[in-house]
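Quick caveat: nothing in here was measured; it's all calculated off a predicted structure. When reading the values below, keep in mind they use all heavy atoms of this one structure, side chains included, and skip hydrogens, waters and symmetry mates. Heads up: numbering here begins at 1 and tracks the sequence.
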Amino acid sequence: MVYQSLYRRFRPQTFSEVIGQDHLVAALRNAVVEERVGHAYLLSGPRGTGKTSTARILAKALNCLKPPGDGEPCGNCDSCANFESGTSMDLVELDAASHRGLEDVRQINRDVALGNPGKRKVYVLDEVHMLTREASNALLKTLEEPPEHVIFVLATTDPQKVLPTIRSRTQHVELTLVPAGLLRDHAKEIAERADLQIDSSVVDYVVERGGGSVRDMLSALDQVVTAGGVPEHRGSVDALVDAIVAQDLTESMTAIAETVAAGVDPKDLAYRTTRKLRDIFLAGAGINSGDSTPEELPELAEKAGRITRAVNVRALELLGQALVDMRQAPDPRLVLDLALVRLFAATAEPQAPQKPERPARPTQDTSSGPAAQARAALASAQSSEESETPAGDSASAPVPPVPPVPPPPPPPSSDDNVVDPPEQTLPESQTSEKAIKDLSMARVAEIWEQQARPALSGRAGALFKAATIVGVSEGQVQFELPNEIHRERCEPMKDEIEAALRNVLEAPVQVNLTAAGEENPRADTKANVVAEEEIVDPAEFEASADAGPSSVDRLLDAFPGAVASDDEGNGRR
């Protein structure tokens, strides 16, 4: 006897044997019991979810000679036996992928009017989205008003390609992938019915290979039984997943090389790694994806605690894009390697060793040119990173203390003979230097963004939103504006900016404003050139007495006999 594959031997023969599609089974059983079966159905869903099997069971139940009354076929009458053997004349199955032309649909339209031995005749059209537009349009009239004894069941894996006019004439039911738990129980049941001795590792392997498809799962079980066990060269994704969790590029490349050398397809490796990372992400949120066993959840949650959510999401995005790019890539492994390189290039954040800051020397300020622009960009990046630091980290980071304000001098003594010593005062620039010398430019930029700028008035805050701190030295804070016009608008508000910084830093601060690309950044030494306004004397526009004939006189000379009138009415002369 010729060997029959497991998915053909154990194809569902009743509605109760269909797993994972309770919504479809309940609807069809109730329709059979109440005799309210529609004239056309559209079943859509992934492969191996039971579309064709459900259509066959519906045809069998409608033509059963001894129905038990619960919507199921009896399975013992002659009609049910013919359906199970594939010799029934009441079921017509057509593959629309190979019968997709206009002539094929015309043949269906001619045959539907013919009688049949049973009560109802069921046409099953698989992959109906493969029909040509002409063939689909030719099917519309018959599909809308078929003979009373004819029922159409259309099946497709891509319902979006089916004409909307066809979808509107059918009852559309979507089938879903079967959960891993149901697949696992179904695999054990099929193994018992087929007298197969398998262990839990085989069940886990075939369920993973099935990916929610019953037919794919049974095909993988067939392959394992034929090979005598799970293939040794299958390779595990655990090494690659652990390397991604540890954010180790070297270990990731090593895991890919070893797994591919063992004979694993890079596409399969990327697909299984993506699913594993998805399970880790969901386990970190306390959710079971459905593909993981209860025993695996603690390990997945532990890995979720070691990898940040940002890295996990970034890895899912890059590996998902790699799966798309692998379809037409000449070397799929290269696409996978590049995806991991991009992942670690995006997540790596090298920390440069911090050097002790030296006191700023009063040298010429060089805040213009490419070097200054690079320093400004670095300062803004550091300030944004420090502002995005979590509250716990920012609280633990030591903040340089601001020097306290010196106490007021003691009151003069009553003894006139005592001569007060001269006050030891320091220049204002040295005082401010001591006050802010311990603050880096990044720290001053952070204080400016978080405390000083929010305290400004509305206009000042809006104008200085585009300002960038490019230098901090000698009690002076250097701001750079986008252009000279912007700098001139901000110049009258320097006092407000200095007051805001002085209140936050508790030290005298002098603000200098420069424009991007300016050769001399010193705003206080640059003279503002104001063009003198031209004064216009209104008397210049008055006509003098000796200015010659007026325009009215010249007009009268040009038209002899004309008379000038002061009347502003509409009349003419």
Can you give me every donor-acceptor pair (side chain of residues 151-163, partner residue at least two apart or in another chain, under 3.5 Å) with its distance?
from: Thr156; atom 1: OG1; to: His129; atom 2: ND1; distance (Å): 2.7
from: Thr156; atom 1: OG1; to: Asp158; atom 2: N; distance (Å): 3.0
from: Thr156; atom 1: OG1; to: Asp158; atom 2: O; distance (Å): 3.4
from: Thr157; atom 1: OG1; to: Glu127; atom 2: OE1; distance (Å): 3.3

#### Entry: Glu34 atom CD, neighbour heavy-atom count above 12 within 6.0 Å
yes

### Query
So, do Ser219 and Ser5 sit near enough that their side-chain heavy atoms are less than 4.5 Å apart?
no

### Query
Out of Asp22, Asp70, Ile57, which one pairs with Phe15 under the side-chain contact (heavy atoms from CB on, under 4.5 Å) rule?
Ile57

### Query
Which value, rounded to the nearest 0.5 Å, describes the distance between Leu65 atom CG and Ser79 atom OG?
5.0 Å

Donor-acceptor pairs are to be reported for all side-chain atoms of residues 38-48 against protein atoms at under 3.5 Å, with residues two or more places apart or in another chain.
from: His39; atom 1: NE2; to: Leu143; atom 2: O; distance (Å): 3.3
from: His39; atom 1: NE2; to: Arg169; atom 2: O; distance (Å): 3.4
from: Tyr41; atom 1: OH; to: Gly38; atom 2: N; distance (Å): 2.9
from: Ser44; atom 1: OG; to: His172; atom 2: NE2; distance (Å): 2.7
from: Arg47; atom 1: NE; to: Asp216; atom 2: OD2; distance (Å): 2.9
from: Arg47; atom 1: NH2; to: Asp216; atom 2: OD2; distance (Å): 3.0

### Query
With no hydrogens and no angle check, is any side-chain donor or acceptor of Gln451 less than 3.5 Å from a backbone partner on Ile447?
no

### Query
Any side chain to side chain donor-acceptor pair (under 3.5 Å) pairs touching residues 113-125, not counting sequence neighbours?
Asp90-Asn116, Lys121-Tyr123

### Task
Indicate whether the side chain of Asn109 and that of Thr142 have a donor and an acceptor atom separated by less than 3.5 Å.
yes

### Gap between atom CG of Leu140 and atom OG1 of Thr165 - 0.5 Å precision
4.0 Å

#### Entry: Separation between CG of Leu282 and CG of Leu277, rounded to the nearest 0.5 Å
11.0 Å

### Task
Could you list the residues that satisfy side-chain contact (heavy atoms from CB on, under 4.5 Å) with Thr308, not counting sequence neighbours?
Ala310, Val311

### Task
Determine the minimum heavy-atom distance between Ser252 and Ile244, stating which atoms define it.
OG-N, 4.0 Å

#### Entry: Salt bridge flag under 4.0 Å for residues Asp268 and Arg272
yes

### Query
Between Glu174 and Arg167, is there a salt bridge with N-O shorter than 4.0 Å?
no

### Summary
So side chain to side chain donor-acceptor pair (under 3.5 Å) across residues 48-57, not counting sequence neighbours, yields Arg11-Ser53, Thr52-Asp126, Arg56-Glu93

Side-chain polar contacts of residues 319-334 - donor-acceptor pairs under 3.5 angstrom, sequence neighbours left out - could you list them?
from: Gln321; atom 1: NE2; to: Asp325; atom 2: OD1; distance (Å): 3.1
from: Asp331; atom 1: OD1; to: Arg333; atom 2: N; distance (Å): 3.3

### Query
How many angstroms lie between CG in Leu94 and CZ in Arg100, if you round to the nearest 0.5 Å?
14.5 Å

### Query
Do Glu72 side-chain atoms and Ser16 backbone N/O form a donor-acceptor pair below 3.5 Å?
yes

### Query
Under 3.5 Å, side chain of Ser85 to main-chain N/O of Asn82, donor-acceptor pair present?
yes

### Task
Determine, step by step, whether Glu134 and Val105 satisfy the side chain to side chain contact (heavy atoms under 4.5 Å, CB included) criterion, reporting the C-alpha distance in whole Å, the side-chain angles of both residues, the deciding distance to 0.1 Å, and the verdict.
CA-CA 9 Å; Glu134 294 77 8; Val105 173; over 6 Å; no

### Query
Is any side-chain N of the basic residue among Glu192 and Lys188 closer than 4.0 Å to the acidic one's carboxylate O?
no

